[in-house]
Protein chains: 2
Amino acid sequence: MRGMALDHAILVSLLEMPGSGYELARRFDRSIGYFWTATHQQIYRVLGRMAADGLLTVREVPQQGRPDKKEYSVAAPGRAALTRWLHEPIEPESMRHELAVKIRGAAFDDPAALIREVERHHRAHSDRLAHYLAGERRDFTGPAAPAPLDAGQELQHVVLRGGIAYERMTIAWLDDVLATLHRIGAATPPA
Amino acid sequence: MRGMALDHAILVSLLEMPGSGYELARRFDRSIGYFWTATHQQIYRVLGRMAADGLLTVREVPQQGRPDKKEYSVAAPGRAALTRWLHEPIEPESMRHELAVKIRGAAFDDPAALIREVERHHRAHSDRLAHYLAGERRDFTGPAAPAPLDAGQELQHVVLRGGIAYERMTIAWLDDVLATLHRIGAATPPA
DNA sequence: CTTGTCTATGCAACGAGTTGCATACAAAGA
DNA sequence: TCTTTGTATGCAACTCGTTGCATAGACAAG
């Protein structure tokens with residue numbers, strides 16, 4: 001078994017709650033998608049493959065007011081495959097930060113021209129942080145949240161705290177980047 | 001133009017210093033590879049394509065005691081392509097954290113079984129942090145570092161500070177994850 | 001003298017991920 | 001009525017990225 005992380009992300013999401021490809025795609029825009037993205041194309045393809053392999057069961061669900069859907073659930077072999085994967089070691093992630101490439105590239109262009117772009121990223125990450133914090137209040141720390149969290153909720157919460165920490169760190173770093181760009185711009189005016 | 005971030009990472013690296021595919025692969029194990037990874041296969045393929053497209057020039061360099069190499073440099077159209085890309089907006093990155101999938105999956109398995117894996121990641125990130133800090137001392141903050149940094153060095157430094165901040169944040173989060181796993185394990189003993 | 005390591009390049013095959021397009025039904029609004 | 005938005009699924013083509021394998025010269029260790 002190589003990567004296949006999407007397969008496992010789908011298995012986890014379907015164990016948390018069975019659903020259609022469309023619904024999974026929605027979830028990948030929210031919660032689980034905060035740390036693993038996927039398009040609907042990818043999801044439909046993987047669902048089809050896993051169903052053909054017997055890891056998932058499909059149920060046609062007629063709906064009123066909207067097209068029928070295929071609801072997928074995790075079958076016993078799917079759950080076994082997930083358990084096997086959970087016990088395998090995985091490689092620690094390496095970063096993939098395109099903006100960092102741009103920042104280093106700015107040495108061969110006008111560094112000041114990058115300021116607007118960095119500010120745009122700063123806003124995007126600030127929005128994401130606000131979104132995460134709202135979700136945390138709603139589901140875990142607010143008055144409407146379940147009083148004692150169960151194990152699954154504790155785990156979802158700690159993953160969300162990771163997202164929050166990531167956004168805060170990124171925002172602080174982008175402040176550092178902006179200060180650096182301004183400092184360079186002041187010292188060496190644009191060519 | 002789609003993603004092509006590797007193309008641009010290679011252009012930046014070759015502008016910083018011309019080199020062969022092999023040398024680039026070495027650099028992708030260090031500095032530039034801290035935030036953008038690539039295997040030698042990918043690098044050779046992209047170098048070939050970019051040279052065919054006239055973005056790079058190749059020079060056969062005979063060497064003694066080792067095989068000849070092809071040294072690539074950025075040609076004018078390559079530099080123009082990089083400048084164009086630097087002025088285009090890019091999407092803020094979304095996370096891709098496989099370990100987070102595992103943590104949520106642990107709700108359907110024994111959470112305590114994940115502790116060793118998380119500890120392994122903790123060690124890997126601590127090692128990476130130590131490595132970054134050593135690089136920072138060597139190149140930027142130590143006594144052997146150039147006294148006033150030029151713009152390019154300032155930009156390299158701020159990118160490295162981003163890597164350092166990322167590793168520190170990740171280590172703190174993994175501490176949080178471990179505490180959570182222990183708390184859950186104490187409350188609900190393994191099935 | 002054989003094995004292993006380092007430099008150096010590359011092919012072939014596969015799997016992962018993206019983009020564009022297409023279909024179809026329903027509801028809401030202009 | 002016509003367009004837009006949302007639900008729901010999917011094909012085809014492409015690019016990106018990984019893995020395994022292969023070659024080849026130089027050097028060092030056993």
Side-chain angles (χ1 to χ4, degrees), chain A residues 1-10 18-30 32-33 35-53 56 58-72 85 90-91 93-98 101, chain B residues 1-10 18-30 32-33 35-53 56 58-72 85 90-91 93-98 101:
Chain A
M1 313 233 162
R2 280 84 35 197
M4 304 233 231
L6 179 55
D7 300 36
H8 302 115
I10 287 176
S20 68
Y22 187 84
E23 286 163 354
L24 277 172
R26 297 293 115 247
R27 289 184 215 171
F28 273 80
D29 290 340
R30 299 195 318 278
I32 198 123
F35 46 86
W36 203 269
T37 58
T39 61
H40 76 276
Q41 299 300 345
Q42 242 182 302
I43 290 168
Y44 283 123
R45 212 192 310 148
V46 171
L47 285 174
R49 175 166 49 75
M50 288 203 292
D53 292 350
L56 303 178
V58 202
R59 197 169 61 95
E60 290 268 349
V61 179
Q63 298 182 111
Q64 58 236 50
R66 48 177 82 173
D68 297 356
K69 67 174 179 180
K70 294 183 185 173
E71 197 187 68
Y72 292 87
W85 177 70
I90 53 173
E91 283 299 301
E93 312 277 317
S94 34
M95 287 223 273
R96 222 96 213 285
H97 214 305
E98 214 176 349
V101 177
Chain B
M1 314 232 161
R2 280 102 10 216
M4 303 231 234
L6 179 56
D7 299 38
H8 302 115
I10 286 176
S20 68
Y22 187 84
E23 286 163 354
L24 276 172
R26 297 294 113 247
R27 288 183 216 173
F28 273 81
D29 291 338
R30 296 195 319 279
I32 198 124
F35 47 86
W36 203 270
T37 58
T39 61
H40 75 276
Q41 299 300 346
Q42 243 181 302
I43 291 167
Y44 283 122
R45 213 194 306 151
V46 172
L47 284 174
R49 176 166 49 74
M50 288 203 293
D53 291 348
L56 303 178
V58 202
R59 197 169 61 96
E60 290 268 348
V61 179
Q63 297 182 110
Q64 59 238 48
R66 48 177 87 171
D68 296 359
K69 68 174 179 179
K70 295 182 184 174
E71 197 187 67
Y72 292 88
W85 176 71
I90 53 173
E91 283 300 300
E93 314 276 319
S94 34
M95 286 224 272
R96 223 95 214 285
H97 214 304
E98 214 176 349
V101 178

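Lettering follows sequence order; numbering is per chain, from 1.
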Item checked: Main-chain N/O of B:Gly33 paired to B:Arg27 side chain as donor or acceptor, under 3.5 Å -> no
Checklist line | N/O donor-acceptor pair under 3.5 Å between B:Glu93 side chain and A:Glu98 backbone | finding: yes
Nearest-Å distance for atom pair [atom1]/[atom2], residues [X] and [N]:
X       : N      : atom1 : atom2 : value
B:Gln63 : C:dA8  : CD    : P     : 5 Å
A:Glu91 : D:dT18 : CD    : C1'   : 13 Å
A:Lys70 : D:dT7  : NZ    : C1'   : 15 Å
A:Ile10 : C:dG17 : CD1   : C1'   : 13 Å
B:Glu23 : C:dT7  : CD    : P     : 10 Å
A:Gln42 : D:dG10 : CD    : C1'   : 15 Å
B:Ile43 : C:dC11 : CD1   : C1'   : 17 Å
A:Phe28 : D:dT7  : CZ    : P     : 18 Å

Nucleotide of [options] approaching [X] most closely (side-chain heavy atoms):
X       : options                : answer
B:Arg49 : D:dG17, C:dA24, D:dC16 : D:dC16
B:Arg45 : C:dT7, C:dT18, D:dG17  : D:dG17
B:His40 : C:dG10, C:dT18, C:dA24 : C:dG10
B:Trp36 : D:dG17, D:dT19, C:dT7  : D:dG17

Item checked: Spatial distance of atom NZ (A:Lys69) from atom CZ (A:Arg59) [nearest 0.5 Å] -> 8.0 Å
Notebook entry, point to check: Could you give the distance from NE2 (B:His40) to CG (B:Leu47), rounded to the nearest 0.5 Å?
Noted result: 12.0 Å
Does the side chain of [X] get closer than 4.0 angstrom to OP1 or OP2 of [N] through an N or O atom?
X       : N      : value
A:Thr37 : C:dG17 : no
B:Arg66 : C:dA8  : yes
B:Gln41 : D:dG17 : no
B:Tyr22 : C:dT7  : yes
B:Tyr44 : C:dT9  : yes

Notebook entry, point to check: Closer to the 5' end of DNA chain C via nearest nucleotide, is it B:Pro67 or B:Tyr72?
Noted result: B:Pro67
Check: On DNA chain C, nearest-nucleotide positions of B:Arg96 versus B:Arg26: which is more 5'?
Finding: B:Arg26
Next item on the list: Kindly indicate whether the side chain of B:Arg96, heavy atoms from C-beta on, has any atom under 4.5 Å from the side chain of A:Trp36.
Entry: yes
